[in-house]
Amino acid sequence: MYLTGNQVRQSFLDFFAARGHEIVPSASLVPGGDSTLLFTNAGMVQFKDVFLGTESRPYTRAVDSQKCLRVSGKHNDLDTVGRDNTHHTFFEMLGNWSFGDYYKKEAIAWSWELLTKVWGLDPDRIYASYFVDNQGDLPSDQEAHDEWLAQPGFNPAHLVQGGRKDNFWEMAETGPCGPCSEIHYDFGADFCDMKDVEGHVCEPNGDCSRIVEIWNNVFIQYNRTSRTNFQALPKRHVDTGMGFERIVSIIQGVNGNYETDVLKPLLDETQRIAGHTDLQREENLTAYRVIADHVRASAFLIADGVIPGNVGRNYVCRMIIRRAARFSRKINLTEPFMAKVAAKVIDNYKEAYPELLANQALIFDTLTAEEKRFAETLDSGFAQLQDAIDELKAKGESQLDGKRAFDLYATLGFPMEITRDILSESGLGVDEDGFYEAMEDHRLASGKGSAFADMGNDKTEFYASVFAKLQESGKLSNSGVHYDPYSSFRTPTKLIAILKDDALVDSVNVEDEIEFVIDRSPFYIESGGQIGDIGKLTNAPSEDTWEIEVSRTFKPVSGLIVQSGKVLSGKPKVDSQAVAKVDLESRRATMRNHTGTHLVHAALRAVLGEKVHQSGSVVDPERMRFDFNYPQAVSKNDLLKIEALVNQFIDAEYPVKKQEKSLDQAKAEGVTALFGEKYGQIVRTIEVADERGRVSYELCGGTHVDNTAEIGSFYIISESSVAAGIRRIEAVTGPGAYKFARERINQLNSLATFLETTPAEALHKVETLESEIKQARRELEQVRIEAANQSFKQKLDEVREVAGVKVLSAQIPNADVDALRNLADQFRQKHPSGLVVLATVINDKPSLIAAVTPDLIQRGLKAGDLIKRLAQVVGGGGGGRPDMAQAGGKDPEKLAEALLQVDSYIIENLK
Ligand SMILES: [Zn+2]
Ligand SMILES: [Zn+2]
């Protein structure tokens with residue numbers, strides 16, 4: 001069975017969803033709240049806290065396809081990416097998960113069913129392993145052993161044992177752990193790349209590329225407290241992982257991951273741009289693979305907010321793009337081209353990962369800018385590196401000094417990984433530890449990163465220094481700016497710093513674009529889906545008046561809040577007293593929409609069930625957008641119920657209570673927390689409730705109305721799909737709802753006026769009109785057919801004589817080939833000796849038919865020859881028997897010209 005990559009992913013999700021699993025969206029490549037990890041590198045990252053027992057979810061079965069990236073800065077196996085068929089930086093991991101729910105029996109049976117029944121893999125190619133402890137501390141996994149043997153069609157000889165190395169999984173030296181069962185696939189004897197190795201046997205974990213692992217089922221059943229002490233867990237879990245690209249390559253029956261429809265289009269596009277033949281592509285396959293892999297990885301990174309830079313994740317993004325650029329030089333691609341390849345990535349992945357399409361322009365621009373920037377230094381970098389290689393060889397050394405490798409990076413932007421690549425092609429290496437030491441030294445000596453200032457755009461250091469100065473001068477306390485967007489829309493404050501062009505200044509002029517710091521700020525900072533406030537900062541009335549527009553507020557470093565905007569009037573000066581005013585109209589509209597999302601959340605759960613929960617939201621003054629998990633489109637009827645319920649909550653005038661309390665207390669009171677959010681110990685709760693009962697109780701830092709009645713009214717304006725298993729509702733409240741309803745009423749009124757009826761009667765009138773139109777169309781069709789018949793009959797009378805031969809040649813409007821044939825027959829019945837050529841136009845294409853009576857065939861006139869000649873004129877071809885032939889063409893305008901040829905054909909050929 002052939003499935004596209006997208007179908008493979010979807011069938012995996014669907015298979016487990018049908019078995020009670022929640023479809024969970026992939027977490028970002030940037031792990032939320034886990035500073036120990038550079039990138040999400042496995043499916044289990046987003047569920048780690050669930051297994052550790054510090055987080056709970058409203059479901060016990062989950063299925064997902066997780067975006068992963070593996071390129072740790074140091075000692076990675078990046079070198080192998082591109083050099084073989086299977087290694088990637090970015091990849092997807094398919095996983096099904098049980099949190100204290102099902103266990104080995106179901107997990108193994110479902111694996112087998114999916115692979116052999118749904119995807120149709122040959123059971124004889126599948127191997128499975130189970131755990132047998134080579135250290136003797138733990139019992140063998142008899143249960144997995146028995147379950148595998150119970151699978152229908154499983155070959156018992158394909159069940160193998162594995163020890164601690166391959167068949168035991170642990171998160172760390174202590175903590176949750178357990179045996180696992182690997183599933184391996186046999187690609188066939190041809191795939192063994194170790195045939196020449198003496199004593200080699202093809203087997204699971206036998207190191208050759210014939211039998212390879214495709215899926216690992218981990219059964220978490222112990223908590224390890226010391227090297228030898230394993231305690232049985234009260235709740236046992238299942239954690240599985242299957243490499244998406246590999247299973248797609250198996251299902252599609254292609255030779256390696258780069259031949260799948262997931263990656264092949266990227267190589268094809270590169271080939272198109274390079275103008276290579278297939279042979280040239282084959283000869284440069286490593287470059288092609290590196291480009292495909294790295295462009296895909298950088299597109300996903302940029303979509304998740306990681307742009308090229310000099311430190312941490314940003315360094316990795318830069319390094320990957322530059323490594324692709326360096327390989328592109330090998331196939332003579334010197335102009336920026338990666339955006340075109342990225343367009344193929346977006347095309348292929350946009351359904352499953354809509355963030356790609358949403359960030360398309362950013363992805364294209366970032367790639368192109370980084371390619372251009374690297375191109376400026378690349379040639380001198382190559383030259384310097386070649387000098388270094390020559391020197392090393394002359395001295396008989398094998399390793400480039402780390403300091404020198406770092407200089408190549410600092411001055412010419414050559415990441416260490418690229419230097420390492422190039423050196424290794426000459427059989428040389430680089431002192432990687434020395435590189436990182438030099439990097440550290442340099443950062444320390446230069447006050448952390450300022451030597452790189454022109455290469456990156458990380459302004460964190462700058463804001464940190466501003467914060468430090470404000471603290472030193474006593475303008476800010478250690479706790480920073482007092483932030484309170486909740487209690488007032490007007491806050492007396494002091495302008496304590498003005499930033500212009502990334503420098504602190506004492507005063508600025510009208511029209512200047514600036515950033516500024518005030519000691520107390522009421523402006524809401526965009527978070528939790530709620531847009532940031534706009535407003536104004538005005539000085540105290542006694543001084544020379546000035547005013548600054550506030551268009552954005554952000555927190556660049558903890559404790560420091562910065563506003564940005566334009567000076568509207570006057571000359572703002574540092575240390576002036578001022579009043580910060582939040583724009584009331586837009587903030588109130590935003591508050592109505594935010595409280596509205598909490599009501600939507602409650603109504604969704606009431607109508608669609610408690611399994612529904614929020615997976616994202618955007619709240620601004622215009623509207624709200626609410627994303628939630630649900631397997632199919634919400635029915636019209638349910639949407640109406642949800643809308644009605646939210647309006648009931650509004651009409652019931654529920655108070656909205658905002659409180660701060662401990663997370664434990666809020667949880668004990670049954671609060672709804674959002675997934676992926678990390679909460680501190682003190683949380684803010686929003687409760688919509690009174691003595692009639694509780695409508696909603698959520699953890700939320702947003703701003704809200706005091707009573708649901710303030711929302712006014714609520715309309716859902718759309719319901720759509722965002723990603724697999726995720727739906728989106730867009731809605732309006734308050735004046736936005738009025739505006740929406742008013743527009744619809746105006747449209748209906750115009751329609752009714754046009755139809756000369758009342759709005760209530762408009763639909764009925766349209767239905768009546770439609771059936772009248774249908775009737776009229778039927779009648780018109782009848783008339784048309786009759787008219788065509790009539791014109792046939794008239795044409796029959798237009799017979800001419802050419803050299804004594806009776807000839808009819810004519811265009812017949814509105815006819816088809818059958819009608820032409822029928823008319824040609826009528827002609828021959830009426831004229832026992834004669835020649836007829838008829839033409840018509842069908843779907844903008846000319847069609848011709850010719851017929852000749854037997855006596856004239858004897859005299860040298862042949863329908864087939866004639867039609868061939870005519871068809872050439874209208875740009876087509878055709879032929880047939882001497883008595884009857886037909887042809888088609890391309891150019892209907894030339895039909896008349898073609899028919900003119902009939903007479904000369906007769907004169908030339910008649911004997
Ligand atoms: Zn082998
Ligand atoms: Zn909220």
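Being a predicted model, the structure only gives us computed values, none of them experimental. In this chain, numbering begins with 1 at the start of the sequence shown. The figures here come from the full heavy-atom set of this structure, side chains too, leaving out hydrogens, waters and symmetry mates. Read the numbers this way: they start at 1 and go in the same order the structure lists the ligands and their atoms.
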Checklist line | Residues, nucleotides or ligands: over 12 heavy atoms within 6.0 Å of R684 CZ | finding: yes
Item checked: K739, NZ atom: more than 12 neighbouring heavy atoms under 6.0 Å -> no
Check: E22 and R57: salt bridge (Lys or Arg N to Asp or Glu O under 4.0 Å), yes or no, with the steps?
Finding: CA-CA 10 Å; E22 171 94 5; R57 303 253 174 153; over 6 Å; no
Check: Is there an N/O/S atom in H594 that lies less than 2.8 Å from the Zn ion (ligand 2)?
Finding: yes
Next item on the list: Measure the shortest side-chain to side-chain distance between F91 and N257 over non-hydrogen atoms and say whether it is less than 4.5 angstrom.
Entry: no
Notebook entry, point to check: Only one of H594, M591, Q530 forms a side chain to side chain contact (heavy atoms under 4.5 Å, CB included) with H704, so which one is it?
Noted result: H594
Check: Which of the N/O/S atoms in H598 sits closest to the Zn ion (ligand 2)?
Finding: NE2
Check: Does the side chain of Y630 reach to within under 4.5 Å of the side chain of L608, using non-hydrogen atoms?
Finding: yes
Check: Would you say the ring centroid of W97 lies under 6.0 angstrom from that of F47?
Finding: yes
Item checked: the Zn ion (ligand 1) neighbourhood, protein N/O/S only, threshold under 2.8 Å -> C192 SG, H200 NE2, C202 SG, C208 SG
